[in-house]
Asker: 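Please find one structure pasted underneath; my questions will follow.
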Amino acid sequence: MEYLVLPLHKHLEYLQDSCNLINNEWKRSDTARLRSLEASCDQLPTSLILLRDKKLIGYLKLSPIPSIKDGCFVESVVIEKNERGKGYGSILMKKAEDYCRNNLSNLNVIYLSTKGQEGFYTKLGYTECMPISIYGCLDSSLKNHINTYSENDNGSKVCITKNVPAAPPMPRIHFNTSLASSKKYMKKEL
Ligand code: ACO
């Protein structure tokens, strides 16, 4: 069998199949999904597809992180439902890492967030990290937190999440920070 991981924008014949695969997992209108898929390019964002014998069985997207220039954010990782548990997710992730190393200069770290698939990413060498925002410095899901960035020992940027000083408390309302985001953020150095 032949496995290929290819950039979607160079193989637009797989556009609709990609749309169907992702929408089977995370429902969204085809129009919105296709518009997002059509944004794939040589620089980020880049959609990568996994083909087995020319059939699409996997997809992921690499997105830029405006505040972390040497990092990218992998999202929407999905394997065709009938093909899960056969190692294809691992193949896709490893080939995506190779793609980053070989095609995206100055990229040193891959970040992601997940809710429930931590075990899969841990097996691939990802470790939990502080939350990052791919939209800017403030993650809207972290209502009580503010993110600032500093450099760690090896020069890559890290996000430090701090509690914002509390506003005057409202009676009988208790904000549980564990509910603010049950997503786990993970990262891997390339
Ligand atoms: N928890 C713990 N271990 C796991 C999990 C999990 N949720 N999922 C897979 N594994 C393990 C497997 O048992 C396997 O272990 P082994 O090497 O010891 O045999 C190893 O991870 C590799 O598994 P694969 O077979 O390569 O994984 P698969 O092809 O099933 O792909 C994926 C995993 C992509 C998560 C798939 O199950 C899927 O599409 N899920 C639905 C969509 C989804 O949740 N995507 C992730 C969203 S998070 C994000 O996009 C950053």
Side-chain angles (χ1 to χ4, degrees), residues 1-8 14-30 32-37 39-40 44-68 70-101 104 107-135 139-142 147 156 158-159 161 180-190:
M1 288 202 199
E2 190 187 21
Y3 302 104
L4 290 172
V5 170
L6 302 169
L8 176 60
Y14 291 101
L15 200 59
Q16 189 60 52
D17 286 350
S18 301
C19 176
N20 297 343
L21 173 64
I22 308 163
N23 275 357
N24 278 342
E25 192 65 37
W26 300 288
K27 194 64 201 153
R28 195 174 167 192
S29 81
D30 278 14
R33 187 69 72 187
L34 286 167
R35 196 177 310 133
S36 159
L37 290 171
S40 178
L44 303 173
T46 305
S47 289
L48 297 179
I49 51 175
L50 172 62
L51 304 180
R52 185 192 59 201
D53 293 336
K54 299 187 181 170
K55 181 180 182 294
L56 182 99
I57 57 166
Y59 171 91
L60 63 72
K61 180 179 176 186
L62 304 166
S63 292
I65 309 172
S67 56
I68 307 179
D70 74 337
C72 75
F73 195 76
V74 61
E75 54 189 328
S76 306
V77 182
V78 62
I79 296 294
E80 177 71 46
K81 284 190 174 128
N82 297 332
E83 305 292 353
R84 291 178 192 166
K86 300 177 184 174
Y88 295 130
S90 306
I91 291 174
L92 175 58
M93 286 297 297
K94 285 177 189 163
K95 289 203 177 257
E97 291 163 11
D98 288 342
Y99 181 90
C100 290
R101 285 186 200 98
L104 299 167
L107 210 69
N108 296 317
V109 194
I110 296 184
Y111 293 87
L112 59 85
S113 73
T114 180
K115 201 171 160 182
Q117 305 290 1
E118 296 85 345
F120 170 66
Y121 295 110
T122 299
K123 287 195 168 175
L124 291 166
Y126 288 77
T127 54
E128 196 171 339
C129 66
M130 296 296 284
I132 61 153
S133 169
I134 60 167
Y135 303 111
D139 185 332
S140 61
S141 69
L142 297 169
N147 294 339
S156 60
V158 293
C159 173
T161 304
S181 172
S182 50
K183 280 189 292 188
K184 292 266 192 314
Y185 286 78
M186 304 183 85
K187 71 172 186 177
K188 180 174 177 178
E189 313 264 341
L190 287 174

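In listed order, ligands and their atoms are each counted from 1.
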Asker: Between side-chain atoms of residues 87-96 and protein atoms elsewhere (two or more places apart, or another chain), which donor-acceptor pairs fall under 3.5 Å?
Answerer:
unit_1, atom_1, unit_2, atom_2, d
Y88, OH, R52, NH1, 3.1

Asker: So, R84 and E25, do they make that salt bridge, N to O below 4.0 Å?
Answerer: yes
Asker: Which residues pass the side-chain contact (heavy atoms from CB on, under 4.5 Å) test with D53, sequence neighbours left out?
Answerer: M1, E2
Asker: Using a threshold of 4.0 angstrom between heavy atoms of the protein and any atom of ligand 1, which residues qualify?
Answerer: E25, W26, V74, E75, S76, V77, V78, I79, R84, G85, K86, G87, Y88, G89, S90, L112, S113, T114, G116, Q117, G119, F120, Y121, K123
Asker: Count the heavy atoms belonging to other residues, nucleotides or ligands that lie under 6.0 Å from NZ of K81, then report whether that count exceeds 12.
Answerer: yes
Asker: Sorted by first residue and then second, give each salt bridge (charged side-chain N to carboxylate O under 4.0 Å, His left out) pair with at least one member in residues 113-128; sequence neighbours left out.
Answerer: none
Asker: Do S76 and Y59 have side-chain N/O donor and acceptor atoms under 3.5 Å apart?
Answerer: no
